[in-house]
Engineer: 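I'd like to ask you about the structure that follows.
Every heavy atom of this structure was used, including side-chain atoms; hydrogens, water molecules and symmetry mates were not. As the structure is a computational prediction, the values presented were derived from the model and not from experiment. Note that ligands are numbered from 1 as they come in the structure, with each ligand's atoms numbered from 1 the same way.
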Amino acid sequence: MMHLLQVSDLSKAEIEVLIARALDFKQAKTYPTYPHISVINVFYEKSTRTHLSFALAQQNLGCKTLDLNPERSAEGKGEAMLDTLSTVHAMGVQIAVMRHAEDDIFDKILPQVPSTLSLINAGSGKRAHPTQALLDMMTIIELGLKPKDIKIAVVGDVLHSRVAHSFSTICSTMGVGELVFAAPEVWLPASMPYGQVTSEVKSALQDADIVMTLRVQKERMVDARHQGLDAYCITEDALNLASPNVHVLHPGPMNRGIEIDSAVADGPKSCILEQVTNGVYMRMAVLEHLIKASHAASA
Ligand code: CP
């Protein structure tokens, strides 16, 4: 794998290797270092978790790490994105971590990106967020749960969520027993790559082992029907429908009191900050995997 652009780029065996490596990194006191590797982070959309955890992952692995703020770069003077990527590659950058608002941005640019520059999708439009799906599945596996034996309920704004789409794909690859996406009709796509879709949140939550809540994507909502639909907020009462051993995930950032109540977000069943922690280790595993794959391809 030279790039990581979507979860479907990965086989089940590759996902298991990445999760095992990330869990190894989490236990380790020291890490291998790759000081000859330069990585640039280019975020065209806002980010806290993904951006900073990639930066930390790069530093933990001893890489040279650069940040390009598109608002302050030469793109503001009209330079094309592909010229920017070719320019940083000419400086010696081997990996670009990129977030962008367009669903198909990587499909568009990939044919013209320098062949020895690896790309990592740090979130594209409403379509894909592969490293988030990997860290979410890592968190589930770390809890000691076997994907084939569990029910997962994903509740919230499924329609606008790149996290939901990548999570659906990773659940398919990993053979999750039961996956249900629950949202008001206005937030429900007709179907997902894997899992049922329903507006019946109570039946979705029933006996769930994992409840993942999704952020209400205010910035992508253009229709007044999207307002005032907070009946799908996960409260302690709603969580009582799930398994007594339920664990709660949220990719972040959270809108407290909208899709998740603070008592749940901060409660004993919440794994939300563990997801953030795991994000650093999973991104180290992804970076190392790409570094080794590129080295093997050039040998
Ligand atoms: N989960 C996630 O992508 O968060 P950020 O937008 O803060 O990176």
Side-chain angles (χ1 to χ4, degrees), residues 4-7 10 18-19 22 39-60 65-71 95-103 105-106 119-140 142 152 154-171 181 183 187 210-221 234 247-256 258-260 264-266 270-287:
L4 177 58
L5 304 181
Q6 53 197 349
V7 171
L10 299 167
L18 286 170
I19 291 174
V39 188
I40 194 160
N41 301 307
V42 190
F43 279 65
Y44 291 88
E45 278 196 332
K46 294 181 173 66
S47 170
T48 297
R49 278 147 284 271
T50 313
H51 194 162
L52 295 182
S53 62
F54 262 116
L56 269 175
Q58 292 149 17
Q59 288 168 26
N60 286 348
T65 176
L66 302 169
D67 265 300
L68 186 73
N69 179 344
E71 286 178 13
I95 301 175
V97 176
M98 196 169 105
R99 170 171 288 190
H100 200 278
E102 287 182 39
D103 288 4
I105 188 66
F106 291 100
L119 296 178
I120 300 178
N121 182 351
S124 52
K126 299 187 287 294
R127 184 191 282 183
H129 197 347
T131 58
Q132 181 70 45
L134 285 164
L135 75 89
D136 291 340
M137 189 52 68
M138 170 189 175
T139 305
I140 291 167
E142 189 183 29
I152 302 179
V154 180
V155 182
D157 179 9
V158 180
L159 186 66
H160 299 89
S161 174
R162 55 190 168 218
V163 173
H165 285 81
S166 287
F167 189 67
S168 172
T169 304
I170 205 167
C171 285
F181 294 90
W187 291 344
I210 297 285
V211 173
M212 178 188 282
T213 60
L214 294 176
R215 183 169 72 89
V216 175
Q217 308 245 329
K218 292 177 203 156
E219 76 275 26
R220 297 190 208 282
M221 292 180 177
I234 298 298
H247 302 279
V248 176
L249 305 184
H250 191 309
M254 291 184 281
N255 294 301
R256 288 173 181 266
I258 297 182
E259 72 269 3
I260 188 166
V264 175
D266 303 328
S270 172
C271 300
I272 295 168
L273 290 178
E274 206 58 37
Q275 288 173 272
V276 176
T277 301
N278 286 346
V280 176
Y281 300 109
M282 179 48 75
R283 286 165 180 135
M284 288 171 70
V286 166
L287 284 162

Engineer: Would you give the length of the straight line joining atom CD of Glu274 to atom OG1 of Thr139, rounded to the nearest 0.5 angstrom?
Structural biologist: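 Those atoms lie 7.0 Å apart.
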
Engineer: Could you tell me if Arg99 sits above the aromatic ring of Phe43, with its cationic atom closer than 6.0 Å to the ring centre and no more than 45 degrees from the axis?
Structural biologist: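 Negative - Arg99 is either too far from the ring of Phe43 or too far off its axis.
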
Engineer: How long is the span from the CD atom in Glu259 to the NE2 atom in His250, to the nearest 0.5 Å?
Structural biologist: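 These two atoms lie 3.5 Å from each other.
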
Engineer: Between Asn121 (side chain only) and Gln6 (backbone N and O only), is there a donor and an acceptor less than 3.5 Å apart?
Structural biologist: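 Side chain of Asn121 to backbone of Gln6: no pair is present.
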
Engineer: Only one of Leu214, Val248, Asp266 forms a side-chain contact (heavy atoms from CB on, under 4.5 Å) with Ile260, so which one is it?
Structural biologist: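 Among Leu214, Val248, Asp266, the one meeting side-chain contact (heavy atoms from CB on, under 4.5 Å) with Ile260 is Val248.
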
Engineer: Any protein N/O atoms within less than 3.5 Å of an N/O atom in ligand 1? List the atom names and distances, or say none.
Structural biologist:
from	atom 1	to	atom 2	distance (Å)
ligand 1	1 (N)	Gln132	OE1	3.0
ligand 1	1 (N)	Pro251	O	2.9
ligand 1	1 (N)	Gly252	O	3.2
ligand 1	3 (O)	Thr50	OG1	3.0
ligand 1	3 (O)	Arg99	NH2	2.9
ligand 1	3 (O)	His129	NE2	2.9
ligand 1	4 (O)	Arg49	NE	3.1
ligand 1	6 (O)	Arg99	NH1	2.9
ligand 1	7 (O)	Thr48	N	2.8
ligand 1	7 (O)	Arg49	N	2.9
ligand 1	7 (O)	Arg49	NE	3.1
ligand 1	7 (O)	Arg49	NH2	3.2
ligand 1	8 (O)	Ser47	OG	2.6
ligand 1	8 (O)	Thr50	N	2.9
ligand 1	8 (O)	Thr50	OG1	2.6
ligand 1	8 (O)	Arg99	NH2	3.3

Engineer: Using the ring pair (Phe, Tyr, Trp, His ring centres under 6.0 Å) criterion, which residues pair with Phe106? Sequence neighbours excluded.
Structural biologist: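 Partners of Phe106 by the ring pair (Phe, Tyr, Trp, His ring centres under 6.0 Å) criterion come out as none, since no residue qualifies.
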
